[in-house]
Amino acid sequence: LQAFSTFERILGMRRSLAALVLLASAAGSYAAYHYNPAVQASVNDLLARSQSQPKKARARPPAPVRLAMVGRRDVPIELEGIGNVQALSTVEIKSRIDGQLFEALVKDGQLVERGDLLFRLDDRPLKAQLRQAEANLARDKANLEKARADMARYDKLAEKGISPKARLEEAQATFAALAAAISSSEASIELARLNLEYATIRAPLTGRVGSILVTPGNMVKANDTKALLVITQIRPIYVTFALPEQHIGELRELLAAGKAPAIEVTILGRRDLKAVGTLFFINNVVDTTTGTIQVMGRFPNSDDRLVPGQFVKARVLMRTMTAAKVVPTKSIQINQKGHYVWVVRQDMTVEPRRVEVGPIAGADTVVTMGLEPGETIVTDGQLRLYPNAKVAPIDRGGSKGGKGKVQS
């Protein structure tokens, strides 16, 4: 500890000595300048010469940028949304009678037309029931003829007083009962024929079948919970998706005027597969959580490109802006005051200019105010720019051009 204290005292003394030397040097310099006219004249001359020499400004090199020109073209106004494909109708095929599944006349995934034969059930018991009902009808008709003859005979005998009137009333009751029996037998025949018809199951609509869920040989019940197969109607087919609620009025006006907007859908992951249809339905409720409304389009789907349950990207063509002023979207900048672009003057200097933007069409954006066709704007390299800055156009390869290569 004593050694450390001694070291600190020595170090403090050295610092004090250095400060005294600097102070003495400064005092000597000041005294030489103040009391020696020759030193004072030399210093003043040196300061005057340094102030009289102009400072050379360091010029900034031109900023490398890519350019484009404001153009005009027709711009389609489109709305986009993600939706899914829905079948026009889906029907579960079930048996309407009890019996044994005898034969399947359709294959998995087959396209069927309305009325095509799908299944056959064992119809032998049904044919026997029909013959029995027909026999009962024939018996009832024969008994009815006998009852009619008995009623006529008892009517004549009762008029002559030979037979009591009670016998006539009995004959009339028997005739009426047999007439009712005949109506019941006719209904039984009709039901038997209908059940026999149900033994052959036909397609109720045109569509594509799924997999066969019950194979031949199994027993089926009338309106069983398990279907034999499912048929999905896919021609035409629907696509449901959502659009922003602010376009509801315009969409309804187009539908009311008979100008249903065209819809183009693209299968997600397959941009080359597209289908075109028309919008025909707008929902009556807006989804408050997303601010969108559900719409639906109808597509012919003649090539079976769209499959129920598939996710697609839908675009609705609302209208077309003719001769609209367009610029590359990447040329538009934004700050607290709004949108602006860097405009290139004839002397290759730039100025920021406020613009009003419209809808986006692909890689371009419509400019409604602030620019005129033919003006040159900066599309890349804006971070290095400031008002009146010099620019040096570069091409796509990165090399500078002499007069500037403008991207169109």
Practice task
Establish, from distance only, whether the side-chain atoms of Thr368 and Glu356 form a donor-acceptor pair under 3.5 Å.
Solution key: no
Practice task
Quick one: closest heavy-atom pair of Val214 and Ile212, and the distance?
Solution key: O-CG2, 3.2 Å
Exercise for the section: Measure the spacing between CD1 of Ile248 and CG of Asn284 and express it to the nearest 0.5 Å. Expected result: 10.0 Å
Handout entry: Carboxylate-amine/guanidinium contact Lys226 Asp224, below 4.0 Å
Key = no
Problem - Contact check, side chains of Val209 and Asp108, non-hydrogen atoms, under 4.5 Å - result: no
Practice task
Would you check if Ile282 and Leu255 make a side-chain contact, meaning some heavy-atom pair closer than 4.5 Å?
Solution key: yes
Problem - Leu196 backbone acceptor or donor facing Asp123 side chain under 3.5 Å - result: no
Handout entry: Over 12 foreign heavy atoms within 6.0 Å of CD, Glu190
Key = no
Handout entry: Check ion pair Asp304-Arg235 (N to O, under 4.0 angstrom)
Key = yes
Problem - Distance-only polar pair, side chains of Asn136 and Arg131, donor-acceptor under 3.5 Å - result: no
Practice task
Assess whether side chain to side chain contact (heavy atoms under 4.5 Å, CB included) is satisfied between Leu251 and Leu243, documenting all intermediate values.
Solution key: CA-CA 10 Å; Leu251 289 172; Leu243 292 178; 3.9 Å; yes
Exercise for the section: Mark yes or no for whether Gln310, through its side chain, and Val307, through its backbone, hold a donor-acceptor pair below 3.5 Å. Expected result: yes
Exercise for the section: Kindly say whether Gly338 contributes a backbone atom to a donor-acceptor pair with the side chain of Asn335 at under 3.5 angstrom? Expected result: yes
Practice task
For Phe280, look at atom CZ and say whether over 12 heavy atoms of other residues, nucleotides or ligands are found less than 6.0 Å away.
Solution key: yes
Fill in the blank from the handout: Nearest heavy-atom approach of Ala181 to Asp140 is O-OD2, 3.4 Å
Practice task
Say whether, by atom type as modelled, one donor and one acceptor occur between the side chain of Gln110 and the main chain of Lys107 under 3.5 angstrom.
Solution key: yes
Exercise for the section: Assess whether atom CZ of Phe102 is packed by more than 12 heavy atoms of other residues, nucleotides or ligands within 6.0 Å. Expected result: no
Handout entry: Atom pair CG/CD1 of Leu118 and Ile201 - distance to nearest 0.5 Å
Key = 7.5 Å
Problem - Inter-residue atom distance Asp287.CG - Gln294.CD, 0.5 Å rounding - result: 9.5 Å
Problem - Lys/Arg cation over aromatic Phe299: Arg305, 6.0 Å, 45° cone - result: no
Completion exercise
Correct closest heavy-atom pair for Arg202 and Gly115 would be NH1-O, 3.2 Å
Exercise for the section: Would you check if the side chain of Arg114 reaches a backbone N or O of Leu205 as a donor-acceptor pair within less than 3.5 Å? Expected result: no
Problem - Flag if over 12 foreign heavy atoms under 6.0 Å of CG, Leu383 - result: no
Completion exercise
Heavy atoms of Leu144 and Ala179 approach each other most closely as CD1-N, 3.7 Å
Practice task
Could you tell me whether a side-chain N or O of Asp150 sits under 3.5 Å from a main-chain N or O of Ala171, the two making a donor and an acceptor?
Solution key: no
Problem - Between Tyr198 and Arg96, a side-chain donor and acceptor under 3.5 Å - result: yes
Handout entry: Residue that, paired with Val391, satisfies side-chain contact (heavy atoms from CB on, under 4.5 Å) out of Thr376, Thr349, Leu385
Key = Leu385
Practice task
Work out which heavy atom in Thr365 is nearest to a heavy atom in Gly358; give both atom names and the distance.
Solution key: CG2-O, 4.0 Å
Problem - Trace of the side chain to side chain contact (heavy atoms under 4.5 Å, CB included) decision for Leu213 with Leu228 - result: CA-CA 5 Å; Leu213 304 177; Leu228 302 178; over 6 Å; no
Problem - Residues Glu351 and Arg353 bridged, charged N to O under 4.0 Å - result: yes
Practice task
Would you confirm whether Lys325, through its side chain, and Gly370, through its main-chain N or O, come within 3.5 Å as a donor-acceptor pair?
Solution key: no
Exercise for the section: For residues Phe241 and Ile263, determine if any side-chain heavy atom of one lies less than 4.5 Å from a side-chain heavy atom of the other. Expected result: yes
Handout entry: Within-4.5 Å side-chain heavy-atom neighbours: Met296 and Val239
Key = no
Exercise for the section: Look at atom NZ of Lys313 and say whether more than 12 heavy atoms of other residues, nucleotides or ligands are closer to it than 6.0 Å. Expected result: no
Handout entry: Side chain proximity check, Lys337 to Arg354, heavy atoms < 4.5 angstrom
Key = yes
Exercise for the section: Report yes or no: does Arg384 contribute a side-chain atom to a donor-acceptor pair with the main-chain N or O of Ala63 at less than 3.5 Å? Expected result: no
Problem - Side chain to side chain, Tyr238 and Val85, heavy atoms closer than 4.5 Å - result: no
Problem - Close side-chain approach of Met318 and Glu78, heavy atoms under 4.5 Å - result: no
Problem - Spatial distance of atom CG (Leu111) from atom OG1 (Thr206) [nearest 0.5 Å] - result: 7.5 Å
Exercise for the section: For Arg66 and Val378, indicate whether the former's side chain and the latter's backbone hold a donor-acceptor pair under 3.5 Å. Expected result: no
Completion exercise
To the nearest 0.5 Å, atom CE of Met151 lies from atom CD of Gln172 at 6.0 Å
Handout entry: Side-chain ion pair, Asp380 and Lys330, N-O less than 4.0 Å
Key = no
Handout entry: Distance (rounded to the nearest 0.5 Å) between Leu137 CG and Glu186 CD
Key = 5.5 Å
Practice task
Check whether any side-chain heavy atom of Arg298 sits under 4.5 Å from a side-chain heavy atom of Pro236, and report yes or no.
Solution key: yes
Exercise for the section: For Leu126 and Ile97, run side chain to side chain contact (heavy atoms under 4.5 Å, CB included): C-alpha distance rounded to whole Å, both residues' side-chain angles, the deciding distance at 0.1 Å, then the answer. Expected result: CA-CA 10 Å; Leu126 302 175; Ile97 59 173; 3.5 Å; yes
Practice task
Apply side chain to side chain contact (heavy atoms under 4.5 Å, CB included) to Val106 and Val112, showing your working.
Solution key: CA-CA 8 Å; Val106 67; Val112 296; 3.9 Å; yes
Problem - Salt-bridge present (Glu134, Arg193; N to O < 4.0 Å) - result: yes
Exercise for the section: Please check if any side-chain donor atom of Asn388 sits under 3.5 Å from a side-chain acceptor atom of Arg345, or the reverse. Expected result: yes
Problem - Minimal non-hydrogen separation, Ala222 against Asp98, with atom names - result: N-OD1, 2.7 Å
Handout entry: Heavy-atom donor-acceptor pair, Asp364 side chain to Ala361 backbone, under 3.5 Å
Key = no
Practice task
Please determine if Glu253 and Lys259 form a salt bridge, counting it only when a charged side-chain N lies under 4.0 Å from a carboxylate O.
Solution key: no
Exercise for the section: Give a yes-or-no answer on whether the side chains of Asp74 and Thr320 include a donor-acceptor pair shorter than 3.5 Å. Expected result: no
Practice task
Step through the shown structure and confirm whether more than 12 heavy atoms of other residues, nucleotides or ligands are within 6.0 Å of CZ on Arg153.
Solution key: yes
